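What follows is one structure encoded as structure tokens, with my remarks underneath.
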Amino acid sequence: MVNATKGLFISCDIPMAQFIINYNNTLPPSQQFIIHVLDSTHLFVQPHAAGMIRSAISEFRDQNSYEKPT
């Protein structure tokens, strides 16, 4: 019998994968979205988590962007 799980495949660099894994670990167990860590640059996550991951990455990038003082 084959068990299939619907999900989203994420391919990224190692630091971004570590950010996503860390973000997942900060959530309560009922909200964690990673189904399986395939390797250091590939993750398989629940499909509903795409928007949540995008917004967390966007917020992280905004916090770490240099703004020239005026």
Side-chain angles (χ1 to χ4, degrees):
M1 183 63 113
V2 176
N3 290 331
T5 303
K6 188 174 184 177
L8 180 68
F9 177 75
I10 297 177
S11 178
C12 56
D13 60 356
I14 294 172
M16 188 54 63
Q18 289 301 313
F19 172 77
I20 295 170
I21 291 168
N22 184 47
Y23 177 64
N24 181 67
N25 291 336
T26 62
L27 297 173
S30 62
Q31 294 179 358
Q32 291 184 353
F33 52 83
I34 293 180
I35 297 170
H36 191 70
V37 177
L38 303 170
D39 63 23
S40 61
T41 59
H42 299 97
L43 306 169
F44 190 62
V45 302
Q46 295 175 356
H48 66 80
M52 184 170 47
I53 294 169
R54 282 190 182 114
S55 66
I57 291 171
S58 176
E59 182 179 321
F60 176 72
R61 286 184 176 163
D62 289 344
Q63 291 174 353
N64 291 308
S65 295
Y66 175 74
E67 294 180 16
K68 186 176 180 179
T70 55

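All values reported here derive from a predicted model rather than from experimental measurement.
Between Ile57 atom CD1 and Asp62 atom CG the span is 12.0 Å, to the nearest 0.5 Å. How far CD of Gln31 is from NE2 of His48: 9.5 Å, rounded to the nearest 0.5 Å.
Remark: the backbone N or O of Gln32 is not paired with any side-chain donor or acceptor of Asn24 at under 3.5 angstrom. At distances below 3.5 Å, at least one donor-acceptor pair connects side-chain atoms of Ser65 with backbone N or O atoms of Arg61.
Residues Phe19 and Leu38 do not share a hydrophobic cluster, clusters being chains of Ile/Leu/Val/Met/Phe/Trp/Tyr side chains in contact below 4.5 Å.
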- Task: Test Ile21 against Leu43 for side chain to side chain contact (heavy atoms under 4.5 Å, CB included), laying out the working first.
- Result: CA-CA 9 Å; Ile21 291 168; Leu43 306 169; 4.0 Å; yes

- In sequence, state the C-alpha distance, the side-chain angles, and the governing distance for Ile35 and Gln46, and then conclude on side chain to side chain contact (heavy atoms under 4.5 Å, CB included). CA-CA 6 Å; Ile35 297 170; Gln46 295 175 356; 3.9 Å; yes

- Message: Does Ile34 form a side chain to side chain contact (heavy atoms under 4.5 Å, CB included) with Phe44? I'd like the steps, not just the answer.
- Response: CA-CA 6 Å; Ile34 293 180; Phe44 190 62; over 6 Å; no

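The aromatic rings of Phe9 and His42 sit parallel to each other, their planes meeting at less than 30°, with 60° as the upper class boundary.
Nearest approach of Leu8 to Ala50, heavy atoms of both residues: CD2-CB, 3.7 Å. Minimum interatomic distance between Cys12 and Ala17 (heavy atoms only, all atoms of both residues): SG-N, 3.5 Å.
Checked options Asn25, Val37, Ile53; the residue passing with Ile20 is Ile53 (criterion: side chain to side chain contact (heavy atoms under 4.5 Å, CB included)).
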